[in-house]
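Remember, it's 1-based here, ligands and their atoms both numbered in the order they're listed. Just so it is clear, the structure is predicted and the values come from calculations on it, not from any experiment.
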Amino acid sequence: MARARIQAPKGVSEYVPPRSKLFEFVRESLIAPARLAGYQLMELPVFEDTELFTRGVGASTDVVTKEMYTFTDRGDRSITLRPEGTAGAMRAVIEHGLDRGRLPVKIWYSGAYFRAERPQAGRYRQFYQVGIEAIGLDDPAIDAEVIAIADAGFKSIGLKQYHLEITSLGDAQSRAAHRVDLLKYISTLDLDETTASRALINPLRLFDDKREVMQKAMAQAPVLMDYLSDASLQHFEAVKSYLDALGISYQLNPRMVRGLDYYTGTTFEFVHDLLGAQSGIGGGGRYDGLMAELGGQELSGIGFGLGIDRALLAAEAEGVISIDGFVSDLFIIPLGDGAMQRVLELATQLRGAGKIVEIAFGDRSLKAAMKAADKSGARNVVVIGDEEIASQSVELKNMNTGVSVSVTIASLIDAL
Ligand code: HAM
């Protein structure tokens, strides 16, 4: 009797061929602008001490209260699968003393993140991000650079139908002033116990409450933007003028609340217009108190996390990405006993020159091999047998047009 099959856990995103090619393209496209701006790789564990996230991400957030994959390991330690990348990056910066070197510390990372959310299209329990962090600089120009790097990544995928929303969550002084009035306003509302206790930890969370009654109740609430200190206002004005100069358009959204508690100052989200409910393709901002909160120096920071899964869905929705762009340059069919060795050599040589080359392996008929070539989607096919080896020339068939041309084996690279 056949054994029962085991399936992937509910709500995870997986990428297998051929779509994994597109995933790889999207990931690399999002990383490339960060590399070009001098950001360096940080490769970190997917699990951390639970306290890193309760302290770093914040006790009022859904991420910490409802969505963490937390377990006790064999040494009785509380461990959590990382729900996001910033807290871990900060931990590593402090632990490795990078903050004692040249500032800003500029790092990028990419990998899997875990949140026990209710799965739906574009919302997964294991998902993928590309992120960057720039630590130790207050200059508004770096805020603009960080936003520009994210924007360049999305553009290089070919995305067009998205927009950027920005706001400022101010400095401690701005937030303290706003908090007083916001709590006063909230005290006039009739709130259930859970919501009221959330409001006490972080009253801004109520702007993020998706329930219609709450949206209505908060419509008249005072917004932080009206409470910015002179320093915060100046910083934000400078960020906007840099974005203007870079030709990056944005919408002000003074009601934006990000799902993580560490944000201060410049805060932003990239929203895709075709994705429905899970439309946030990336977001980030400043977190000027996080480093100190995690036991490090009082250094500021800014960064972003871009959702690879959602950027891929967005590219598919816009129709700007297709498997056809990612096929092999050449499929070689060896014919007869002596040909394979020469074909292996030739494939190695062509790959060395950067061509994607596949070989028809196994003892197949020419017809079966041609079928395999066709199925592979390769752009070109050649058959190499004793005759071709003797004459040093092949018929290079373009699989799109069906047209064959005669070329010498030595000039195959150029012909491709
Ligand atoms: P975040 O907004 O929580 O920020 O996540 C960043 C992006 O990850 C989102 O815009 C979205 O595209 C994607 N994402 C989040 N949750 C899911 C999910 N369940 N399924 C699929 N995609 C998802 C952060 O994580 C911050 N660490 C970003 C940051 C870095 N801020 C400063 N530095």
Among all the protein's non-hydrogen atoms, which is closest to [atom], and how far away is it?
| atom | result |
| --- | --- |
| atom 13 (C) of ligand 1 | Gly307 CA, 3.7 Å |
| atom 30 (C) of ligand 1 | Thr86 OG1, 2.9 Å |
| atom 32 (C) of ligand 1 | Gly303 O, 3.3 Å |
| atom 20 (N) of ligand 1 | Tyr124 N, 2.9 Å |
| atom 12 (O) of ligand 1 | Gly280 O, 2.7 Å |

Salt-bridge criterion met for [X] and [Y] (N-O under 4.0 Å):
| X | Y | result |
| --- | --- | --- |
| Asp143 | Arg286 | yes |
| Asp62 | Arg198 | yes |
| Arg205 | Asp261 | yes |
| Asp171 | Arg175 | no |
| Arg125 | Glu117 | no |
| Arg255 | Glu165 | no |
| Glu24 | Arg27 | no |
| Arg91 | Glu48 | yes |

Part of [X] within contact of ligand 1 (heavy atoms, under 4.0 Å):
| X | answer |
| --- | --- |
| Tyr287 | side chain |
| Tyr262 | side chain |
| Tyr263 | side chain |
| Glu133 | side chain |

Exercise. Tell me whether the centres of the aromatic rings in Phe25 and Phe326 are closer together than 6.0 Å.
Key: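 That pair passes the under 6.0 Å test.
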
Regarding [atom]: of the candidates [options], which has the closest heavy atom?
| atom | options | result |
| --- | --- | --- |
| atom 5 (O) of ligand 1 | Glu117, Glu84, Gln129 | Gln129 |
| atom 2 (O) of ligand 1 | Arg310, Glu269, Arg258 | Arg258 |
| atom 24 (C) of ligand 1 | Leu313, Leu260, Leu306 | Leu260 |
| atom 3 (O) of ligand 1 | Arg115, Arg286, Arg118, Gln126 | Arg115 |

Quiz item: If you measure from each heavy atom of Gly282 to ligand 1, is any distance below 4.0 Å?
Solution: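 Per 4.0 Å heavy-atom rule, Gly282 contacts ligand 1.
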
Quiz item: For ligand 1, is there an atom lying under 4.0 Å from some heavy atom of Gly122?
Solution: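 Yes, Gly122 has a heavy atom closer than 4.0 Å to ligand 1.
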
Contact atoms of ligand 1, heavy-atom distance to [X] under 4.0 Å:
| X | answer |
| --- | --- |
| Gly305 | 6 (C), 7 (C), 28 (C), 29 (C), 30 (C) |
| Arg123 | 19 (N), 20 (N) |
| Gly284 | 31 (N) |
| Ile281 | 10 (O), 12 (O) |

Quiz item: Counting distance only, does the side-chain N/O of Arg123 pair as donor-acceptor with the main-chain N or O of Arg118 below 3.5 Å?
Solution: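 Indeed, once roles are kept as given, a pair shorter than 3.5 Å links the two residues.
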
Quiz item: Do the rings of His272 and Tyr162 sit parallel, tilted or perpendicular, given the 30° and 60° boundaries?
Solution: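 Plane angle under 30°, so parallel.
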
Exercise. Could you tell me how the ring of Tyr15 sits relative to the ring of Phe23: parallel (under 30°), tilted (30 to 60°) or perpendicular (over 60°)?
Key: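 Parallel: the ring planes of Tyr15 and Phe23 meet at under 30°.
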
Quiz prompt | Neighbour count >12 (heavy atoms, 6.0 Å) for atom CD, Glu212 | solution =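 Atom CD in Glu212 is not packed in, count stays at 12 or less.
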
Quiz item: Below 3.5 angstrom, do we get any N/O pair linking Asp309 and ligand 1?
Solution: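 In fact, backbone or side chain, Asp309 has no N or O that close.
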
Exercise. Could you tell me whether some N/O pair between Phe127 and ligand 1 is separated by less than 3.5 angstrom?
Key: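 Not met; the criterion fails.
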
